[in-house]
Amino acid sequence: MRTPRLAIIAGALASVFVAGTAHAAVAAPASKPVLTKNPIYKTGRLALRTCEEPPVQSGTEDEARVYFEAVLECLDKAWGPKLKQAGFAFSKPKFRVITKLGAPTGCGGFPGGAQALYCPVNRTMTLLLSPNVVEEPSDPVLMLVVAHEYGHHVQKLTGMLRHNKRGEYVLDNPRNLEPVRRTELQAECYAGVFMGSVWDSLGRSQKEFDSLLKGTHDVDLSALGVKTRSSADLSHGSDANVAWWLKRGFTGKSAGSCNTWAAPKAKVG
């Protein structure tokens with residue numbers, strides 16, 4: 001089915017953008033067992049194989065809401081049994097569609113620079129229906145955005161999110177965003193797990209999935225001779241690593257493919 005292309009792919013748990021530098025390719029730091037040895041990793045491939053993807057043609061709020069509801073139902077059916085299998089209580093996330101920046105989310109106002117946000121405080125996914133939401137009808141990025149934010153919900157239910165009462169990441173070192181990137185890249189991998197599980201039922205091609213791997217959020221200042229990492233790059237990972245984890249989840253189709261907490265720094269930079 002045809003779906004709209006979102007201008008900004010990056011979802012956000014909270015608005016956390018701090019300047020930083022690239023890391024060398026060394027081993028992963030020691031992390032808590034809830035992150036590196038979480039029971040969700042041992043639950044195997046998602047069992048859901050079919051998901052009906054409603055067409056989105058006009059990009060209206062009502063049409064988008066129908067799409068979100070249908071995909072969310074598939075996500076519930078896919079992840080619910082795995083969470084229960086791992087010994088966690090399952091609950092569906094709430095979700096809202098908004099049309100303006102600054103709308104309340106439970107974790108402050110909806111920030112600029114994001115298309116979707118998951119607030120762990122009220123377990124709510126908020127998706128921005130921006131005016132340019134419909135750009136390329138054949139791009140499946142809308143499902144990716146929804147599945148990414150749902151990945152944060154999976155992290156919340158499995159005890160993998162560290163956040164304060166405002167829904168912001170809790171960091172041991174506020175200037176080190178590596179834990180944020182590991183969290184975001186895992187959510188992207190979880191999105192790939194879901195999409196890989198149901199892809200054949202969508203009537204989509206491998207070429208369409210490959211188009212998702214080419215997404216970018218880098219700042220292009222090449223005309224000025226400057227190479228820089230954008231805020232999304234610092235908090236969500238480089239384009240290459242985002243694509244690597246998305247593809248890894250898509251191919252593996254299981255949460256066990258997405259242990260970013262045991263990955264070397266080169267894969268989470």
Side-chain angles (χ1 to χ4, degrees), residues 3-18 56 59 61 64-65 67-72 75-76 79 91-133 140-171 174 177 179-192 194-195 212 215-217 230-237 242 245-246 258 260:
T3 56
R5 177 179 185 272
L6 300 186
I8 301 173
I9 295 179
L13 171 70
S15 203
V16 188
F17 299 127
V18 183
V56 178
E61 184 173 351
R65 185 178 296 277
Y67 181 92
F68 296 147
E69 288 176 346
V71 175
L72 283 169
L75 284 158
D76 290 335
W79 285 109
S91 61
K92 299 178 181 180
K94 301 174 183 177
F95 91 98
R96 297 177 59 224
V97 175
I98 62 172
T99 56
K100 295 181 180 179
L101 294 176
T105 67
C107 291
F110 193 93
Q115 196 73 55
L117 178 148
Y118 174 76
C119 177
V121 176
N122 58 8
R123 302 186 182 188
T124 298
M125 295 166 54
T126 302
L127 298 104
L128 175 65
L129 189 65
S130 51
N132 59 350
V133 70
V141 86
L142 182 54
M143 177 177 280
L144 173 59
V145 171
V146 177
H148 175 104
E149 297 310 322
Y150 200 98
H152 287 312
H153 185 59
V154 173
Q155 291 170 326
K156 169 66 176 179
L157 296 181
T158 53
M160 302 180 78
L161 288 184
R162 295 180 63 195
H163 62 87
N164 59 25
K165 293 181 180 180
R166 297 186 299 276
E168 300 167 334
Y169 286 106
V170 174
L171 300 173
L177 292 185
V180 179
R181 290 194 296 275
R182 290 184 185 273
T183 301
E184 291 293 344
L185 288 168
Q186 183 175 67
E188 190 76 355
C189 184
Y190 283 165
F194 169 73
M195 295 179 74
L212 296 177
T216 181
H217 50 235
S230 69
S231 296
D233 192 32
L234 290 169
S235 60
H236 287 64
V242 170
W245 284 104
L246 176 60
C258 302
T260 57

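Values in this document were obtained by computation on a predicted structure and should not be read as measured data.
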- prompt: In terms of the angle between their ring planes, are Y118 and H153 parallel, tilted or perpendicular, with boundaries placed at 30° and 60°?
  reply: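 If you compare the ring of Y118 with that of H153, the planes turn out perpendicular.
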
Do you know the tightest heavy-atom contact between [X] and [Y]?
| X | Y | answer |
| --- | --- | --- |
| H152 | A187 | CE1-CB, 3.6 Å |
| M143 | V71 | CE-CG2, 4.1 Å |
| P111 | L101 | O-CD2, 3.6 Å |
| G237 | V242 | O-CG2, 3.8 Å |
| L144 | M195 | CA-SD, 3.8 Å |
| L171 | V180 | CD2-CG2, 3.7 Å |

Nearest 0.5 Å, please: how far is [atom2] in [Y] from [atom1] in [X]?
| X | Y | atom1 | atom2 | answer |
| --- | --- | --- | --- | --- |
| F95 | F68 | CZ | CZ | 7.5 Å |
| L177 | H236 | CG | NE2 | 11.0 Å |
| L75 | K92 | CG | NZ | 11.5 Å |
| Y169 | T183 | OH | OG1 | 5.0 Å |
| R123 | L157 | CZ | CG | 5.5 Å |
| I98 | L117 | CD1 | CG | 8.5 Å |

Taking [X] for the side chain and [Y] for the main chain, is one N or O donor matched with an acceptor at less than 3.5 Å?
| X | Y | answer |
| --- | --- | --- |
| N122 | T105 | yes |
| R96 | P104 | yes |
| Q115 | V145 | no |
| E188 | H148 | no |
| Q186 | C258 | yes |
| H163 | C119 | no |

- request: Given side chain to side chain contact (heavy atoms under 4.5 Å, CB included), test Y190 with Q155 step by step and report yes or no.
  value: CA-CA 10 Å; Y190 283 165; Q155 291 170 326; 4.0 Å; yes

task: Determine, step by step, whether F194 and Y150 satisfy the side chain to side chain contact (heavy atoms under 4.5 Å, CB included) criterion, reporting the C-alpha distance in whole Å, the side-chain angles of both residues, the deciding distance to 0.1 Å, and the verdict.
output: CA-CA 10 Å; F194 169 73; Y150 200 98; over 6 Å; no

task: Go through F110 and K100 one step at a time and tell me if the side chain to side chain contact (heavy atoms under 4.5 Å, CB included) criterion holds.
output: CA-CA 8 Å; F110 193 93; K100 295 181 180 179; over 6 Å; no

message: What verdict does the side chain to side chain contact (heavy atoms under 4.5 Å, CB included) test give for T99 and L128, after you've listed the backbone C-alpha separation in whole Å, the side-chain angles of each residue and the deciding distance to 0.1 Å?
response: CA-CA 6 Å; T99 56; L128 175 65; 5.6 Å; no

